[in-house]
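What you see is a predicted model; the values in this text were computed from it and never measured. Order of appearance sets the numbers: ligands from 1, and atoms from 1 within every ligand.
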Amino acid sequence: MLVVMKAQATPEEIQAVCDHIVQLGFRPHPLPGAQRTAIGITGNQGEANRGNLESLSGVAEVIRVSKAYKLASRDVKEEDTVVRFAGSNASIGGRDLAVIAGPCSIETREQAFAIAAEVAAGGAQFFRGGAYKPRTSPYAFQGLGLEALKIMAEIREKFGLRIVTEALDSESLELVAEWADVIQIGARNMQNFSLLKKAGKQRKPVLIKRGMSATLEEFLMAAEYVMSEGNYEVILCERGVRTFTDHTRNTLDLSIVPALRHVSHLPILVDPSHGTGRRDSVLPMARAAVAAGADGVIVEVHNHPESALSDGPQSLYPAQFATMMTEIEKIAPVVGRHLTRGVSVSAAAGQ
Ligand code: PEP
Ligand code: MN
């Protein structure tokens, strides 16, 4: 259920409605919008009792949300969500395109710094790098763990780049939330519901990769798990799904971008690196992602992809990354978007 407050409702009236929802035994989720605040209600299994919500001061109407996902739905929040990063001009969602770039895995301090210098020079605002790697083989490189998180914190310090990295389990989640700026939940964990709930208790944005065979609804329900715990800063990321094709590693399903946009207010990124598995396909699909209306891209970049410890074949050379930036910068205005190059950090807040 959803309580829509009147445009002129006061903060006290909004608080009184939230208190009332708590008394009814449910959880209120106030989501301020440009026109009015809506308060999502969760915690009810089945139809919630409206009580006398409609008669409370400042309430415009009480609406039943019929979709399975509620807080992630445009029914609850009409305007697009923009995730902002305090102390910098970096954001995900809204008019500006977000570009997240970096190696699949942090391998050494030298490797990470060399690649960070390249992606910063190319104009990225976010740096990605795996510290905890979900590998198909237990014998493959598993990531440097905390050491990698510390290297990336130094990269933020030096280049201003905001850090995006994956949390694999409860233990790494705590550490990623402490050291990084965005907690990534990987495709393999998209339906790890206990991990999603724990991510919802953190106060850092959560980037969720679409599961390899997840439907749109299953994808949004993953977002709903995070939001139901009170963390509304969720970013969706299409990264390819499993199909019968064998010319690419996965099939990048760009058609989910407008479909998600239609029903959800959350930002939508596209990962053409994992989506195709091939360096030569990354640039065309990054262009297509922007043209399809994505809020940005996340791409793998490596200075020596031929000797990378993971995902070398799909990693761009730095010069290819620079070309990608130039090309998506040109496409952006065609679809009403803009690419802001580089991150500016205000002196007051280093993070
Ligand atoms: C990654 O981004 O490094 C990754 C493992 O992605 P995914 O979860 O989409 O496979
Ligand atoms: Mn990878």
Worksheet entry | Distance in Å, Q314 CD paired with S273 OG, rounded so as to fall on 0.5 Å steps | 5.5 Å
Fill in: Qualifying residue, where the test is side chain to side chain contact (heavy atoms under 4.5 Å, CB included) with P28 and the options are V22, V17, T42, I41
V22
Using atom types as modelled, flag every donor-acceptor pair under 3.5 Å from a side chain in residues 285-297 to any protein atom, sequence neighbours excluded.
unit_1	atom_1	unit_2	atom_2	d
R287	NH1	E327	OE1	2.6
D295	OD1	R261	NH2	3.4
D295	OD1	R337	NH2	2.5
D295	OD2	R261	NH1	3.1
D295	OD2	R261	NH2	3.3
D295	OD2	I268	N	2.7

Item to complete: Give, for atom CG of D280 and atom CG of L316, the distance between the pair rounded to the nearest 0.5 Å.
Response: 10.5 Å
Fill in: Flag for H302-E107: side-chain donor and acceptor within less than 3.5 Å
yes
Show the short N or O contacts, below 3.5 Å, that ligand 1 makes with protein N or O atoms; if there are none, say 'none'.
unit_1	atom_1	unit_2	atom_2	d
ligand 1	2 (O)	R128	NH1	2.8
ligand 1	2 (O)	Q184	NE2	2.9
ligand 1	2 (O)	K209	NZ	3.0
ligand 1	3 (O)	R128	NH2	2.8
ligand 1	3 (O)	K133	NZ	3.0
ligand 1	6 (O)	K209	NZ	2.8
ligand 1	8 (O)	A187	N	2.7
ligand 1	9 (O)	K209	NZ	2.8
ligand 1	9 (O)	R239	NE	2.6
ligand 1	10 (O)	R188	NH1	2.9
ligand 1	10 (O)	R239	NH2	2.8

Fill in: Electrostatic pair E229-K201, nearest N-O below 4.0 angstrom
yes
Worksheet item: Salt bridge check: are E300 and R128 linked by an N-O gap of less than 4.0 Å?
Response: yes
Worksheet item: Between CD1 of I106 and CZ of F113, what distance do you get to the nearest 0.5 Å?
Response: 9.5 Å
Practice prompt. For the Mn ion (ligand 2), report each protein N, O or S atom nearer than 2.8 Å, sorted by chain and then by residue number.
Written response: C104 SG, H274 NE2, E300 OE2, D311 OD2
Worksheet item: For F126, what residues pass the ring pair (Phe, Tyr, Trp, His ring centres under 6.0 Å) criterion, not counting sequence neighbours?
Response: F85
